[in-house]
Chemist: 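The following block contains the structure, expressed as structure tokens.
When reading the values below, keep in mind they use all heavy atoms of this one structure, side chains included, and skip hydrogens, waters and symmetry mates.
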Amino acid sequence: MTTYTVINPATEQPVKRVELNSAEQADAAIERAAKAQESWRAVAPGDRARLLRRFAEQVDAHIGELAALETTGSGHPIGAATWEAGQVRDVLAYYAAAPERMTGRQIPVPGGLDVTFKEPVGVVGLIVPWNFPMPILSWGMAPALAAGCTVVAKPAEMTPLTAIRIGELALAAGLPEGVFQVLPGKGSVVGQRLVDHPLVRKIVFTGSTEVGQRIMTGCARHIKRLTLELGGKSANIVFADSDIEKAAATAPYAVFDNAGQDCCARSRILVEASVLERFMSLLEPAVKGVRVGDPTAEDTQMGPLISAGQRAHVASFVPEGAPVAFRGSAPEGPGFWYPPTVLAPVSTGNPAYTEEIFGPVVTVTPFADEAEAIAMANDSPYGLSGSIWTSNIGRAIRVSRGVETGNLSVNSHSSVRYWTPFGGFKQSGLGRELGPDAVDAFTEVKNVFIATE
Ligand code: TAP
């Protein structure tokens, strides 16, 4: 049995050794999930709803434990980790309402009665990245279970601890064996098996665009259903007519949250040229004010990066002589620390401007007018998120419609809200998660005609 030792990114100390599943063990889990699916889909809607509510209650009763686990296993500041555990509870509670509302349609046709049913798609393979282990797990797991699917979840090799605990809480809540399984393992082994195994009918993948492309190719062999949540390089567009103080004060948190390891990070700040100087003078104290340090401290706002490898990747975007405008702080000593870093001026061909860094590095670039701002925001293969700062309501709407991205916020940097659909344009993804329609992504529509003559 191969194992992986989870490392605390803030101390570089080992936390726990986790057994990694083999391809054969993945096959056995998939077969258990397929067997469990026969009875899970037959559980009365009200009972399925009750079990999901109990699952939410179990998570709620263990918020502190889950948050502490994420802090030691992933380096998330305790405040953020507590919010993330709370989101698992809330997403479960939200989709617990779905089984009793999965209505079909009655369609007028001649010669009979025509009705549609929403049938569960079957076993779902859920492949989760390391940056938000808990929320991303819940976004796939909760609506899939509500739809009557069974789920085999593969956490990222580096961050399996909270997923394993959530799997135990599902059993404690009374979910039958095999309905929700957590399978730590390598992407190339367990993840690949989920993609290749014919009994898995749908893959929900969040991760890099590169691996997403490979998964899409693998799914094509079986015409397997697929949701992809991939990378991003989102713009934070600041117009001269906006509340510049607020735009500058909030900009660091829109990109340095989770040390920038956030697919929604607004990692390109675009500022109307006429206010660039003022914006930069306000941004500097805001960046220097980000509290970077011990993730177990309640007032910490930014923790370490996930690994030494990720830190090296981030640092490669800031070579010797890079145009560093200013930087925040980071602790010395052990831990995969990297200070919040602002690059300006940066050409639009610079990799720091074009590539997803997935770390606390942001570029600031001026634009001349509204048309150029939209063109610059769209000049990326990605289209996941973004923010628009303006006091002109017409402009807010025009720019919102013009930017090719799945999730925008005006005069704010809203994080993902489970009530609303979330997903990407272009190479940022395929399909949508969350919101009122998420359960549909785990069902097939079946049409039945009943002759009356
Ligand atoms: P990836 O390297 O793509 O890994 C994501 C997951 O896929 C991990 O569980 C990984 O397992 C697994 N995997 C790797 N190779 C696989 C294969 N051949 N078959 C099946 N599964 C495989 O991404 P990452 O570095 O963990 O995460 C960072 C990326 O995720 C960023 O690009 C970020 O933008 C994106 N992301 C997007 C979103 C949304 S919502 N759009 C949210 C968060 C993150 P192992 O870890 O065990 O290798």
Side-chain angles (χ1 to χ4, degrees), residues 26-27 29-45 47-49 51-52 55 91-92 94-105 115-128 136-154 170 175-183 190-207 212 215-229 418 421-423 429-448:
D27 284 356
I30 292 165
E31 279 152 32
R32 278 197 299 278
K35 187 94 195 84
Q37 219 261 313
E38 290 163 22
S39 42
W40 180 241
R41 62 173 296 179
V43 171
D47 291 335
R48 208 154 68 223
L51 282 166
L52 289 177
F55 190 2
V91 171
L92 278 166
Y94 181 73
Y95 289 108
E100 294 168 292
R101 292 167 175 79
M102 277 174 52
T103 51
R105 303 175 80 180
V115 288
T116 65
F117 296 91
K118 289 181 181 174
E119 304 286 14
V121 81
V123 177
V124 171
L126 176 53
I127 303 174
V128 180
I136 294 174
L137 178 80
S138 72
W139 303 348
M141 162 188 87
L145 295 175
C149 298
T150 52
V151 175
V152 181
K154 192 209 89 64
L175 265 76
E177 293 273 350
V179 167
F180 175 59
Q181 300 174 78
V182 176
L183 234 55
V190 174
Q192 194 65 48
R193 225 27 228 144
L194 290 171
V195 173
D196 291 340
H197 200 298
L199 281 178
V200 176
R201 295 289 168 76
K202 169 154 186 158
I203 292 289
V204 178
F205 171 80
T206 302
I215 286 181
M216 197 171 183
T217 306
C219 285
R221 279 209 300 281
H222 304 279
I223 318 291
K224 198 170 278 192
R225 277 71 183 137
L226 177 64
T227 299
L228 294 173
E229 297 286 3
Y418 61 84
F422 177 70
L430 189 71
R432 291 291 177 272
E433 296 192 281
L434 299 174
D437 303 323
V439 172
D440 289 350
F442 296 96
T443 65
E444 297 279 11
V445 173
K446 182 183 284 173
N447 192 70
V448 178

Chemist: To the nearest 0.5 Å, how far apart are CG in Asp196 and CD1 in Ile215?
Modeler: 10.0 Å
Chemist: Give a yes or no answer on whether the side chain of Gln37 reaches the backbone of Gly148 with a donor-acceptor pair at less than 3.5 Å.
Modeler: yes
Chemist: Tell me, do Leu183 and Leu194 make a side-chain contact under 4.5 Å, heavy atoms counted?
Modeler: no
Chemist: Once salt bridge (Lys or Arg N to Asp or Glu O under 4.0 Å) is applied, do any residues pair with Arg48, and if so which ones, sequence neighbours excluded?
Modeler: none
Chemist: Out of curiosity, Phe442 CZ to Arg201 CZ, how far, rounded to the nearest 0.5 Å?
Modeler: 15.5 Å
Chemist: To check you understand the geometry: which heavy-atom pair defines the closest contact between Ala34 and Leu199, and what is its length?
Modeler: CB-CD1, 4.0 Å
Chemist: Can you find a heavy atom in the side chain of Phe180 that is under 4.5 Å from one in the side chain of Cys149?
Modeler: no
Chemist: Decide yes or no for Phe117 and Val448: does some side-chain heavy atom of the first lie under 4.5 Å from some side-chain heavy atom of the second?
Modeler: yes
Chemist: With sequence neighbours excluded, tell me which residues meet side chain to side chain contact (heavy atoms under 4.5 Å, CB included) with Arg225.
Modeler: Val121, Lys202, Ile223, Glu444
Chemist: For Val439 and Ala147, work out which heavy atoms get closest and say how close.
Modeler: CG1-CB, 3.7 Å
Chemist: Does some side-chain heavy atom of Ile136 sit less than 4.5 Å from a side-chain heavy atom of Glu229?
Modeler: no
Chemist: Could you pull out the closest heavy-atom pair between Ala36 and Glu177, with the gap in Å?
Modeler: CB-O, 3.8 Å
Chemist: Looking only at heavy atoms, which two atoms of Leu52 and Pro99 are closest? And how far apart?
Modeler: CD1-CG, 4.4 Å
Chemist: Once side chain to side chain contact (heavy atoms under 4.5 Å, CB included) is applied, do any residues pair with Lys118, and if so which ones, sequence neighbours excluded?
Modeler: Met102, Asp440, Thr443
Chemist: Mind checking whether Val179 and Leu51 have side chains closer than 4.5 Å, heavy atoms only?
Modeler: no
Chemist: Tell me every residue that passes side chain to side chain contact (heavy atoms under 4.5 Å, CB included) with Glu100, counting only those two or more places apart in sequence or in another chain.
Modeler: Pro45, Ala49, Arg53
Chemist: Measuring from atom OG1 of Thr227 to atom CH2 of Trp139, what distance do you get when rounded to the nearest 0.5 angstrom?
Modeler: 13.0 Å
Chemist: Walk me through it: do Val200 and Val152 pass the test side chain to side chain contact (heavy atoms under 4.5 Å, CB included)?
Modeler: CA-CA 9 Å; Val200 176; Val152 181; 6.0 Å; no
Chemist: Side chains of Glu433 and Thr206: does their closest heavy-atom pair fall under 4.5 Å?
Modeler: yes
Chemist: If you measure from SG on Cys219 to CG on Leu430, what distance do you get to the nearest 0.5 Å?
Modeler: 10.0 Å
Chemist: Applying side chain to side chain contact (heavy atoms under 4.5 Å, CB included), name anything that partners Val445, two or more places apart in sequence or on another chain.
Modeler: Thr116
Chemist: Can you see which heavy atom on Leu137 is nearest to which on Ala153, and at what distance?
Modeler: CD1-CB, 3.7 Å
Chemist: Roughly how far, to the nearest 0.5 Å, is CD1 of Ile30 from OG1 of Thr150?
Modeler: 10.5 Å
Chemist: Does some side-chain heavy atom of Arg432 sit less than 4.5 Å from a side-chain heavy atom of Asp437?
Modeler: no
Chemist: When rounded to the nearest 0.5 angstrom, what is the spacing between NZ in Lys224 and NE2 in His197?
Modeler: 8.5 Å
Chemist: How close do Pro143 and Tyr95 get, heavy atom to heavy atom, and via which atoms?
Modeler: CD-CD1, 3.8 Å
Chemist: Could you name each residue pair satisfying salt bridge (Lys or Arg N to Asp or Glu O under 4.0 Å) that touches residues 29-42, not counting sequence neighbours?
Modeler: Lys35-Glu38, Arg41-Glu119
Chemist: With a 4.5 Å limit on heavy-atom distance, are the side chains of Leu92 and Met141 in contact?
Modeler: yes
